[in-house]
Amino acid sequence: MKKILLLAPLLLFLAVVGCKKVDQLLTFTVDTSQSVVIPGYFVNAQLPAVTVTTNSADSFKNNKTSKDKVKDVYLDQMVLTVTNPANSNFDFLNKLDVFINTPNTNNKILLASITNVPKGVNSIKLDPTKARLDEYLKADTYQLTVNATLNGFNANDFTVRSDARFKVTADPL
């Protein structure tokens, strides 16, 4: 009986550690990048949704899995960078919320946000949502929309690149 009592915690420990190791082996990242030209003076105007092609089927295949085996997807990181014109920055922006949805659906949720945009920078790192994003990354495309709080104007069109990294965990079975 003492042997069973001693072995039970050991077996439980090995099972927990083993499951975490399996998850680590089946966890990978999917990177997406999309650039969009934003017209100058977009105050109070809703920018159109930006459609992003996921190429997730290729990423899943490269990681020896498929979308039906994906069990968890979370946004790991999102960075926005002003790429054109040169020397532009996000000084006109106070706050930004980025939303995600799949086309022709009613599943729009917050993807990432930044409450206090630093001044003088051309690249900002947003705070990712904690929501599961399986359905969005499993789709062929998803759409991004934004709500922004501005503190000024930008008279020129400018190009912003969005670089997102999703953490994906696939089910081994």
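These numbers come from the heavy atoms of this one structure, side chains and all, not from hydrogens, waters or symmetry mates.
Cluster membership for V160 and F99, using ILVMFWY side-chain heavy atoms within less than 4.5 angstrom, is not shared. Under a hydrophobic clustering in which Ile, Leu, Val, Met, Phe, Trp and Tyr are joined whenever their side-chain heavy atoms come within less than 4.5 Å, directly or via other members, L110 and V146 fall into different clusters.
Minimum interatomic distance between A139 and S56 (heavy atoms only, all atoms of both residues): O-OG, 3.8 Å. For the residue pair N101 and K108, the shortest heavy atom distance occurs at CB-CA, 3.7 Å.
The hydrophobic cluster around Y74 extends to none of the other residues, as no ILVMFWY side-chain heavy atom falls under 4.5 Å of it.
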Residue pair L133, L111: steps toward the side-chain contact (heavy atoms from CB on, under 4.5 Å) verdict | CA-CA 9 Å; L133 303 168; L111 177 65; 3.6 Å; yes
Full working for ring pair (Phe, Tyr, Trp, His ring centres under 6.0 Å) between F158 and F92 | CA-CA 12 Å; F158 57 102; F92 64 93; 5.2 Å; yes
Could you walk me through whether T159 and V36 pass the side-chain contact (heavy atoms from CB on, under 4.5 Å) test, one step at a time?
-> CA-CA 6 Å; T159 305; V36 61; over 6 Å; no
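Shown here are the side chain to side chain contact (heavy atoms under 4.5 Å, CB included) partners of S59, two or more places apart in sequence or in another chain: V30. In this view, Y136 satisfies the side chain to side chain donor-acceptor pair (under 3.5 Å) rule with no residue, not counting sequence neighbours. Partners of T53 by side chain to side chain contact (heavy atoms under 4.5 Å, CB included), not counting sequence neighbours, listed by chain and number: N55, T141. A search for side chain to side chain contact (heavy atoms under 4.5 Å, CB included) contacts involving S162 returns M78, L80, L144, not counting sequence neighbours. Residues satisfying the side chain to side chain donor-acceptor pair (under 3.5 Å) criterion with T65, sequence neighbours excluded, are absent altogether. In this structure S33 satisfies the side chain to side chain donor-acceptor pair (under 3.5 Å) test together with D163, sequence neighbours excluded. Scored by the salt bridge (Lys or Arg N to Asp or Glu O under 4.0 Å) test, K95 finds D97 as partners (sequence neighbours excluded). Applying the side chain to side chain contact (heavy atoms under 4.5 Å, CB included) rule to V79 yields the partners Q77, T81, S123, K125; only residues at least two apart in sequence or on another chain are considered. Judged as a salt bridge (Lys or Arg N to Asp or Glu O under 4.0 Å), and not counting sequence neighbours, D157 has no contacts. Residues forming a side chain to side chain donor-acceptor pair (under 3.5 Å) with T129 (at least two apart in sequence, or on another chain): none.
Looking only at side-chain heavy atoms (C-beta outward), Q143 and V50 stay at 4.5 Å or farther from each other. Taking the side chain as every heavy atom from C-beta outward, V117 and N94 never approach each other to under 4.5 Å. Put simply, the side chain of F166 does not reach to within 4.5 Å of the side chain of F28, judged on heavy atoms. Under the 4.5 Å side-chain criterion, counting only non-hydrogen atoms from C-beta, N147 is not in contact with L96. Side-chain atoms of V168 and D72, non-hydrogen and from C-beta on, never get closer than 4.5 Å to each other.
The CG atom of N116 lies 11.5 Å from the CD1 atom of I124; values are rounded to the nearest 0.5 Å. L26 contributes atom CG, which lies 11.5 Å from atom NZ of K64 (distance to the nearest 0.5 angstrom). Atom CG of L137 is separated from atom CD1 of I100 by 7.5 Å, given to the nearest 0.5 angstrom.
Side-chain N/O atoms of Y142 and T51 include no donor and acceptor closer than 3.5 Å. For T54 and D140, the side-chain atoms include no donor-acceptor pair closer than 3.5 Å.
In this structure a side-chain-to-backbone donor-acceptor pair under 3.5 Å is missing from N122 to F90. Within the 3.5 Å criterion, the main-chain N or O of V70 finds a donor-acceptor partner in the side chain of K138.
The existence of a salt bridge linking D134 and K71 is excluded, since no basic side-chain nitrogen approaches an acidic carboxylate oxygen closer than 4.0 Å.
Applying the salt bridge (Lys or Arg N to Asp or Glu O under 4.0 Å) test to every pair with at least one member in residues 76-91, sequence neighbours left out, gives these pairs: D76-R165.
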